[in-house]
Amino acid sequence: MIRALGVKKSFEKQHVLKGVSLDVRDNETMVILGPSGQGKTVFIKTLVRLMEPDEGVIEYDGVDILKLKDRQLQEFRKSIAFVFQNSALFDFLNVRENMALYLRMHRAFREEEIEERIVDALRVVGLQEEVLDKFPEELSGGMKKRVAIARAIVKEPRYLFYDEPTTGLDRRNSQLVSELIGMLKKEIRVTSVVVTHDILLMREVSDRVALLKDGAIFSIGTKEELSPETLNYLYETGDE
Amino acid sequence: MKRETFFIRLGEKGIDFFTTVYEISLLFVQTVKRIPKLWFYRRQFLEQLYNFSVKTLPIAAVIAVFVGLGSTVQGKYQTTDIVPRYVVVNAIFKTAVVELCPIILALVLAGKLGASLAAEIGSMKISEQVEALETMSLEPIGFLVLPRVMAGLIMLPVITIFANFIAMFSSLFASAVVTEWITPREFVNGMKLDYKIFEPIFGSVIKPAVFGVLIALLGSYFGLKTKGGAKGVGESSTAAVVTSAVLIVIVDYYLGEWLL
């Protein structure tokens with residue numbers, strides 16, 4: 001279980017997170033929904049300590065990760081995987097090397113076993129082995145996103161984080177990625193946090209939804225509990 | 001500009017300068033602390049050894065040939081027959097090996113390697129690849145900085161030794177074969193004159209090792225500090241090259257002052 005309590009984060013005089021509190025239950029997919037510029041990405045990055053909050057507590061199964069030292073933090077991060085907004089594939093490595101990097105560095109697998117796992121993960125995201133030797137610059141936006149998801153799941157994480165997984169994709173690819181995340185939710189039992197402004201994605205994948213506006217969460221519930229009025233309020237001053 | 005504004009800006013610049021010096025020192029210490037982990041990052045280290053060697057050898061060779069030729073021409077021109085020719089060769093040898101080859105090579109490689117390191121790491125920074133490393137439990141300093149600094153430490157001396165040999169052969173070729181200004185035997189005797197073993201070690205190993213660490217460390221530092229987009233990457237590359245070049249010249253002076 002992930003628990004965030006009173007998380008605050010400011011950049012100079014701009015208060016981005018104003019005391020965000022949130023529980024994510026085991027094996028559920030929590031979607032944090034909100035218009036752009038409300039602090040969603042900052043929040044998801046503080047959840048894994050890619051950014052340090054100014055105040056607050058972030059616990060995983062009762063362990064406050066803000067108190068972890070460097071080595072403990074690295075150990076903790078072996079249990080997470082993160083799909084970045086821009087995919088963040090290493091552009092100096094091909095798809096195979098991108099996906100194998102974690103396994104080669106941290107697991108004592110033989111090369112054949114690594115290859116097998118990579119191919120399995122690729123099939124899960126609907127890609128063929130032909131992409132393995134391609135470099136990120138040779139892939140379309142949708143393919144990059146799917147490779148990024150494959151790179152995340154090949155790690156067999158306990159917690160999976162998606163930062164705006166459908167941003168920058170056309171409608172078709174956006175739909176494909178939404179369906180893929182929905183399918184992964186059923187196939188691999190993993191606790192997931194998705195931040196997005198995309199209501200269709202939220203409807204496809206969420207168990208519960210937290211609405212983030214002006215650096216604070218103002219509503220949490222299931223998607224069925226979300227009223228059109230609440231969504232209208234969420235987006236009335238946003239740019240989406 | 002108002003006087004108050006001027007002093008505020010001056011103060012800010014001063015704080016920025018000392019912050020940068022502190023951060024670079026900290027990065028150096030953190031990199032040194034991770035040396036025992038070099039085996040873990042061996043793949044990256046081998047890649048960097050390749051980048052620092054094979055990709056720079058052609059440039060080093062061209063520079064060395066012309067350092068040898070240029071110093072020979074100057075040596076001949078600046079001295080008359082009052083000075084024995086083997087003494088002139090001795091001056092050419094020491095100037096080229098201890099000073100010219102190491103520093104010219106370091107300045108050129110600061111441009112080539114420093115800029116490319118800063119741009120490479122800077123691009124990774126702005127496209128979230130550095131954060132992606134962290135989520136894979138890989139330390140950016142261990143994965144990116146350590147292999148580059150160690151490659152700089154090892155390969156700059158290797159390249160400089162290679163360049164010094166080429167410079168001496170080109171000098172020998174120009175003075176003994178092309179112009180027949182001196183015989184090969186006199187040339188070799190000139191090199192042996194007042195020979196101190198520490199001098200070539202200083203010029204070919206110690207100085208290049210320090211320059212290699214400087215180039216790799218500053219390229220990595222400015223890369224990791226990159227903000228914004230393409231403009232930020234460009235600014236980081238420029239900062240890496242300029243800072244490396246200035247520091248190389250300063251450090252060159254102090255190393256000579258302290259160690260010779």
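Lettering follows sequence order; numbering is per chain, from 1.
Contact annotation for B:Met136: both backbone and side-chain heavy atoms come within less than 4.5 Å of a heavy atom of chain A. For a residue to count as touching a neighbouring chain, one of its non-hydrogen atoms must lie under 4.5 Å from one of that chain's; by this rule A:Leu73 does not touch chain B.
Scanning for salt bridge (Lys or Arg N to Asp or Glu O under 4.0 Å) contacts around A:Asp170 gives an empty result, with sequence neighbours left out. For B:Phe211, there are no ring-ring contact (aromatic ring centres under 6.0 Å, His included) partners, not counting sequence neighbours. Residues forming a side chain to side chain contact (heavy atoms under 4.5 Å, CB included) with A:Val63 (at least two apart in sequence, or on another chain): A:Leu68.
Between the A:Asp207 side chain and the A:Thr29 main chain, a donor and an acceptor come within less than 3.5 Å of each other. The backbone N or O of A:Met143 lies less than 3.5 Å from a partner atom in the side chain of A:Ser140, making a donor-acceptor pair.
In summary, A:Lys8 and A:Asp54 do not engage in a salt bridge, as defined by a charged side-chain N under 4.0 Å from a carboxylate O.
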I would like to know whether A:Val124 and A:Ile153 meet side-chain contact (heavy atoms from CB on, under 4.5 Å); could you show each step before the answer?
CA-CA 9 Å; A:Val124 170; A:Ile153 61 173; 3.8 Å; yes
Please tabulate, one pair per line, the donor and acceptor atoms of chain B and chain A that lie under 3.5 Å from each other, or say none if there are none.
from	atom 1	to	atom 2	distance (Å)
A:Lys45	NZ	B:Glu128	OE2	2.8
A:Lys45	NZ	B:Glu131	OE1	2.7
A:Gln74	O	B:Ser137	OG	2.6
A:Gln74	NE2	B:Glu139	OE2	3.2
A:Lys78	N	B:Ser137	OG	3.3
A:Asp91	N	B:Gln129	OE1	3.2
A:Asp91	OD2	B:Gln129	NE2	3.2
A:His106	NE2	B:Met136	O	2.9
A:His106	NE2	B:Ser137	O	3.3
A:Lys155	NZ	B:Thr135	O	2.5

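Considering only heavy-atom pairs separated by less than 4.5 Å from chain B, the leading option among A:Phe84, A:Phe76, A:Phe82 is A:Phe84.
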